[in-house]
Amino acid sequence: MPEWAELRITSDFVNKTSVGKGFIKAEKSDVSKVKTDLSFMNMNRPFTITAESRGKELRLSISDQKESKYLLMFMGMSGGFALISPKYKDYDKVMKHSHLRFYREDGMILCFHDVRRFGKWKWADEWSNNRGFDPVRETEEWKNELRNSYKDNHGFVSEVLMNQKLFSGVGNYLRAEILCRTQDNPWKKLSEFNAEEIENLMNVTLYCLETAYLNQGGRIKDWQNPFIQNENHATPMSNWILCYGSLQSSMIKDKTGRTFWFDPIWNSEVPEKYLKKKHKLTEII
DNA sequence: TGTTTATGCCGAC
DNA sequence: TCGGCCTAAACAC
């Protein structure tokens with residue numbers, strides 16, 4: 001699931017499946033190592049759930065008659081929600097990877113499903129302070145922060161885009177899609193941008209977050225080759241993705257070891273150090 | 001059958 | 001900067 005668009009879709013899903021519904025208990029799977037105390041949701045007092053996302057964080061507002069608390073959640077690489085019934089034919093298969101479960105009074109179960117178990121959750125009064133403004137929810141604050149700081153930021157734009165303090169919600173597929181649309185040199189330092197280029201970078205970022213959301217986000221495997229060529233499997237996102245994972249794109253491993261996909265027009269700009277690691281420079285068509 | 005890869009993030013050198 | 005946390009699917013041989 002998990003970059004800006006998928007988090008917002010997840011938040012929509014939780015609201016859609018929880019509005020007007022009472023919940024009666026919550027539990028984690030045996031295999032999960034998350035230690036957050038869930039007793040607040042297990043006191044025989046029905047509670048309600050609403051959700052909100054900010055960047056890559058999801059915040060559930062859990063309320064009973066007495067009190068309201070925030071459960072702050074992180075999706076990791078594979079987290080998302082599902083609503084299932086105990087009668088569902090693949091119930092066991094789904095529950096195997098459902099590591100936090102909210103039981104509705106009508107018998108349905110709202111599950112945090114997370115195959116790789118990198119997802120986490122904890123009680124918190126505030127959003128995490130190591131993350132910046134949400135570009136869409138807090139647009140003006142976000143833009144001002146960037147306008148005030150880009151001149152002192154000497155990181156490559158391709159790597160700064162992964163910084164959750166400055167580009168909250170942007171992850172590995174979004175940075176590729178943003179840069180191929182701005183046509184910026186991925187190895188240009190943020191401090192070398194001029195004011196107009198920064199405005200363009202911010203506006204393209206906003207455009208990408210919003211259109212990925214409108215195209216229903218989803219799972220990368222559902223977007224990629226060879227599905228892109230197969231109309232039966234085409235999704236709105238498979239047409240939206242222009243660069244990430246494409247056979248026409250070049251790639252390197254960035255400083256954190258993650259694959260960065262980019263337009264081959266920038267092949268000659270790739271710094272030497274990245275060419276010592278695994279990489280692929282495709283021909284410009 | 002073994003190896004590589006995956007939308008993220010943290011903590012130890 | 002690097003490995004670690006995890007599982008499963010896609011590759012390579």
Side-chain angles (χ1 to χ4, degrees), chain A residues 1-11 13 28-35 53-58 72-81 90 93-100 112-122 124 127-132 155-156 158-159 161-179 205 208-209 211-213 215-228 230 233 235-238 240-247 249 251-261 271 273-274 276-280:
Chain A
M1 276 258 115
E3 294 182 30
W4 188 91
E6 290 73 27
L7 265 288
R8 181 154 165 191
I9 289 161
T10 299
S11 142
F13 179 82
K28 73 167 194 67
S29 67
D30 291 336
V31 69
S32 167
K33 291 175 180 165
V34 178
K35 293 190 176 71
S53 70
R54 181 179 188 259
K56 289 182 203 166
E57 296 186 291
L58 178 74
L72 193 58
M73 302 192 66
F74 308 83
M75 303 289 106
M77 290 282 249
S78 56
F81 276 81
D90 289 324
K93 217 186 278 183
V94 176
M95 290 307 270
K96 178 183 178 192
H97 296 299
S98 291
H99 302 298
L100 182 59
F112 176 59
H113 188 266
D114 182 16
V115 169
R116 295 182 70 183
R117 266 184 275 146
F118 292 170
K120 301 272 159 55
W121 52 90
K122 64 182 183 188
W127 298 103
S128 298
N129 61 14
N130 60 353
R131 289 159 196 264
F156 296 137
S158 52
E159 293 177 349
L161 277 164
M162 296 287 274
N163 178 342
Q164 299 303 293
K165 199 89 185 154
L166 292 173
F167 287 90
S168 187
V170 173
N172 208 23
Y173 86 77
L174 281 168
R175 72 162 162 175
E177 297 306 313
I178 290 166
L179 284 176
T205 297
C208 287
L209 301 187
T211 53
Y213 170 71
N215 281 317
Q216 299 154 50
R219 292 176 319 188
I220 280 174
K221 285 204 172 87
D222 295 340
W223 311 333
Q224 286 183 294
N225 300 315
F227 299 109
I228 289 169
N230 182 342
H233 295 271
T235 66
M237 281 298 273
S238 48
W240 183 86
I241 294 280
L242 303 178
C243 176
Y244 180 89
S246 160
L247 295 171
S249 296
M251 60 135 277
I252 55 101
K253 297 284 182 183
D254 75 8
K255 68 174 180 188
T256 71
R258 303 191 67 183
T259 306
F260 171 56
W261 298 91
K273 60 178 173 179
Y274 296 115
K276 291 176 185 153
K277 297 192 266 186
K278 179 167 182 178
H279 64 277
K280 185 189 77 174

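Chain naming here is simple, since letters A, B, ... match the order of the sequence lines and numbering starts at 1 in each.
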### Summary
Taken to the nearest whole Å, NZ/Lys273(A) to P/dC2(C) is 10 Å
#### Entry: Phosphate-side-chain proximity, Lys56(A) and dG8(B), N/O vs OP1/OP2 below 4.0 Å
yes
### Query
For Lys165(A), what residues pass the side-chain contact (heavy atoms from CB on, under 4.5 Å) criterion, not counting sequence neighbours?
Asn163(A)
### Nearest-Å distance once atom P is located in both dT5(B) and dC2(C)
16 Å
### Query
Expressed in angstrom and rounded to an integer, what is the separation of Trp4(A) atom CH2 from dG8(B) atom P?
15 Å
### Query
Quick one: side chain to side chain donor-acceptor pair (under 3.5 Å) partners of Asp254(A), sequence neighbours excluded?
Arg175(A), Thr256(A)
### Atom P, compared across dC6(C) and dT1(B): separation rounded to whole Å
26 Å
### Message
With a 4.0 Å limit, can you tell me whether Asn130(A) has a side-chain N or O closer than that to the phosphate oxygens OP1/OP2 of dC9(B)?
### Response
no
### Query
Roughly how many Å is it from CD1 in Ile220(A) to P in dA10(C), rounded to a whole number?
14 Å
### Query
Which residues pass the salt bridge (Lys or Arg N to Asp or Glu O under 4.0 Å) test with Arg54(A), sequence neighbours left out?
Glu138(A)
## Note on the structure
Hits for side chain to side chain donor-acceptor pair (under 3.5 Å) against Trp261(A), two or more places apart or cross-chain, chain-then-number order -> none
### Task
With sequence neighbours excluded, tell me which residues meet side chain to side chain donor-acceptor pair (under 3.5 Å) with Ser11(A).
none
### Query
Can you tell me how far P in dT4(B) sits from the matching atom in dC13(C), rounded to whole Å?
10 Å
### Shortest non-hydrogen contact between Ser98(A) and Ser29(A), atoms and distance
O-CB, 3.6 Å
### Query
Quick one: CZ on Phe260(A) to NZ on Lys255(A), what's the gap to the nearest 0.5 Å?
13.0 Å
#### Entry: Atom-pair distance (CE on Met162(A); C1' on dA6(B)), nearest Å
12 Å
### Message
Applying side chain to side chain donor-acceptor pair (under 3.5 Å), can you list everything that pairs with Lys253(A), at least two apart in sequence or on another chain?
### Response
Thr259(A)
### Message
For Arg131(A), give me all partners under side-chain contact (heavy atoms from CB on, under 4.5 Å), at least two apart in sequence or on another chain.
### Response
Lys56(A), Glu57(A), Phe74(A), Ser128(A), Gln164(A), Ser168(A)
### Summary
For Leu58(A) and Met75(A) the tightest heavy-atom approach is CD2-CE, 3.9 Å
### Task
Identify whether any heavy atom of Arg175(A) sits under 4.0 Å from a base atom; if not, whether one sits that close to sugar-phosphate; answer base, sugar-phosphate or nothing.
nothing
### Query
Starting at CE of Met73(A) and ending at P of dC9(B), how long is that distance when rounded to a whole Å?
14 Å
What pairs of nitrogen or oxygen atoms, one from the protein and one from nucleotides 3-6 of chain C, lie under 3.5 Å apart?
from, atom 1, to, atom 2, distance (Å)
dC6(C), OP1, Lys33(A), NZ, 2.3
dC6(C), OP2, Lys33(A), NZ, 3.2
dC6(C), O3', Arg117(A), NH2, 3.0
dC6(C), O2, Arg116(A), NE, 2.7
dC6(C), N3, Arg116(A), NH2, 3.0

### Query
Nearest-Å distance, CG (Asn172(A)) to P (dG8(B))?
6 Å
Any protein N or O atoms within reach of nucleotides 2-5 of chain B? Criterion: under 3.5 Å, listing atom names and distances.
from, atom 1, to, atom 2, distance (Å)
dT5(B), OP1, Lys278(A), NZ, 2.2

### Task
Grab the CG-P distance between Asn129(A) and dC10(B) for me, whole Å please.
11 Å
### Query
P atom, dG4(C) versus dC13(B): distance in rounded Å?
12 Å
#### Entry: Euclidean distance, atom CD of residue Gln164(A) to atom C1' of dC9(B) [Å, nearest integer]
9 Å
